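Remarks on the structure that follows.
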Amino acid sequence: MDLYEHQARQLFEEYGVLVPRAEVTDSSRQARVIARGLGGRVVVKAQVKTGGRGKAGGVKLAADPAAAELTARQMLAMDIKGHPVRSVMVAEPVDIDREFYVSYVLDRAAGRFLAIASAEGGMDIEEVAATRPEAVARIPIDPAQGVTSAKAAEIAEAAGLPAQTVDVLVRLWEVLVREDALLVEVNPLVRTRQGRVMALDGKVTVDGNARFRQARWGADEAGHADPLEAAAAAKGLTYVKLDGEVGVIGNGAGLVMSTLDVVAGCGARPANFLDIGGGASARTMADGLSVILSDPAVKSVLVNVFGGITACDAVADGIVRALDDVRLTRPLVVRLDGNNAARGRAILEERAHPLVQQVTTMDGAARRAAELATTA
Ligand SMILES: Nc1ncnc2c1ncn2[C@@H]1O[C@H](COP(=O)(O)OP(=O)(O)O)[C@@H](O)[C@H]1O
Ligand SMILES: [Mg+2]
């Protein structure tokens, strides 16, 4: 789950990293009041969970409280890359001398964390990374050792950051560990003209699996930028929205992943990942179907189930009951195999829903669903 900038800022402050004074609000009138409290001249920043806000007009300097109110009003009506702006942060402006980039990110492939740092931070860091990769240092971090002062000095040295950043690098690592974060990114980390090192922007991604001990950021609202994902999460489903037209439901993450591959191999694009798990009930099937069918891009739905502990007849019962709950508006291709497959197939045949068809192999079913989606 990604945190908003203002939440990241709050964490940095708690861990002793200097940040500009700031307050968040969803009211433009309140933005004026906050600006007055901060001395008049402020930076107004759209709070959206997407990068490149500055370039999209989501970070603006306001000369006085009246300008802050106007800017906040304009920003609160904006949409940045599909993210409506629901609140703004009004922050004290900082006299920037230099901008740096620093982040800690989980490197799953290497089983480690990675520190990425550059003395050329700011809004063009992506371009720096693409055109002059040597200007961006990448230092592996052994998770058992973490970032000690010595390690932080190594990172600063490799990236060409001033010695003053060492302490900040250690504190940011503390944020990552204690907050169960998968990513802590500060861009820019700045040195001010007064010689102080401050975090001006932050992105923190906390590990959703740690939510049981990190209750403070609340439930799912914040985590799911996509409304369908939010609706699925509210129903306890493991659903990921993709860009295609074939809705996919399967039991077991591995089977669903390979189903996505097979659909793609048939020349169609999967519309989602949805694992209804081992003990899929009729309720789960109905919930899954309703989430998938509420995606207007879906042209056909493929249910791919390999009966194991949950036998195919139970899954077929689930589908039949789901058909009573959910109005099926697009064709459903079902492939049942494994435990009690014959009985499961018989149940669906008996139900004889005009939009439901069965195919016995995974390849065949994917091909059928792909055909239906591309000719629809
Ligand atoms: N409080 C601030 N004072 C002065 N300049 C700021 C402040 N916050 C941001 N900026 C400037 O605006 C740029 C973009 O802001 P940032 O918060 O990094 O947004 P984003 O990365 O989403 O574009 C920063 O690189 C920095 O130069
Ligand atoms: Mg930034």
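Both ligands and their constituent atoms are indexed starting at 1 by order of listing. Quick caveat, the model's predicted, so the values are computed rather than measured.
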Do [X] and [Y] sit within salt-bridge range, that is, some charged N less than 4.0 Å from a carboxylate O?
X      : Y      : value
Arg283 : Asp325 : yes
Glu5   : Arg9   : no
Glu371 : Arg367 : no
Lys55  : Glu127 : no
Glu185 : Lys203 : no
Arg112 : Asp107 : no

Do you see an N/O/S atom of Asn187, backbone or side chain, under 2.8 Å from the Mg ion (ligand 2)?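 A backbone or side-chain N, O or S atom of Asn187 is under 2.8 Å from the Mg ion (ligand 2).
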Polar proximity ligand 1 side, [X] side, N/O cut 3.5 Å exclusive:
X      : answer
Val59  : no
Asn187 : yes
Gly122 : no
Glu92  : yes

Give a yes or no answer on whether the side chain of [X] reaches the backbone of [Y] with a donor-acceptor pair at less than 3.5 Å.
X      : Y      : result
Asp97  : Arg193 : no
Gln358 : Arg345 : yes
Glu229 : Lys241 : yes

Minimum heavy-atom distance between Val17 and Ala199, given as atom pair plus value: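 Heavy atoms only, the tightest pair is CG1-CB, 4.0 Å.
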Identity and distance of the protein heavy atom lying nearest [atom]:
atom                    : result
atom 5 (N) of ligand 1  : Ile96 CD1, 3.6 Å
atom 17 (O) of ligand 1 : Lys45 NZ, 2.7 Å
atom 6 (C) of ligand 1  : Leu200 CD1, 3.6 Å
atom 3 (N) of ligand 1  : Val94 N, 2.9 Å

Could you name the option among Arg9, Glu5, Arg53, Glu99 that has the heavy atom nearest to atom 24 (C) of ligand 1?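 The residue whose heavy atom sits nearest atom 24 (C) of ligand 1 is Glu99.
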At less than 4.0 angstrom from any non-hydrogen atom of [X], what atoms of ligand 1 do you find?
X      : result
Asp201 : 16 (P), 17 (O), 18 (O), 19 (O), 20 (P), 21 (O), 22 (O)
Gly54  : 20 (P), 22 (O), 23 (O)
Pro93  : 3 (N)

Does Val43 approach ligand 1 within less than 4.0 angstrom via side chain, backbone, both or neither, non-hydrogen atoms only?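 The part of Val43 near ligand 1 is the side chain, not the backbone.
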Which N, O or S atom of Asp201 lies nearest to the Mg ion (ligand 2), by name: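 It is OD2, the N, O or S atom of Asp201 closest to the Mg ion (ligand 2).
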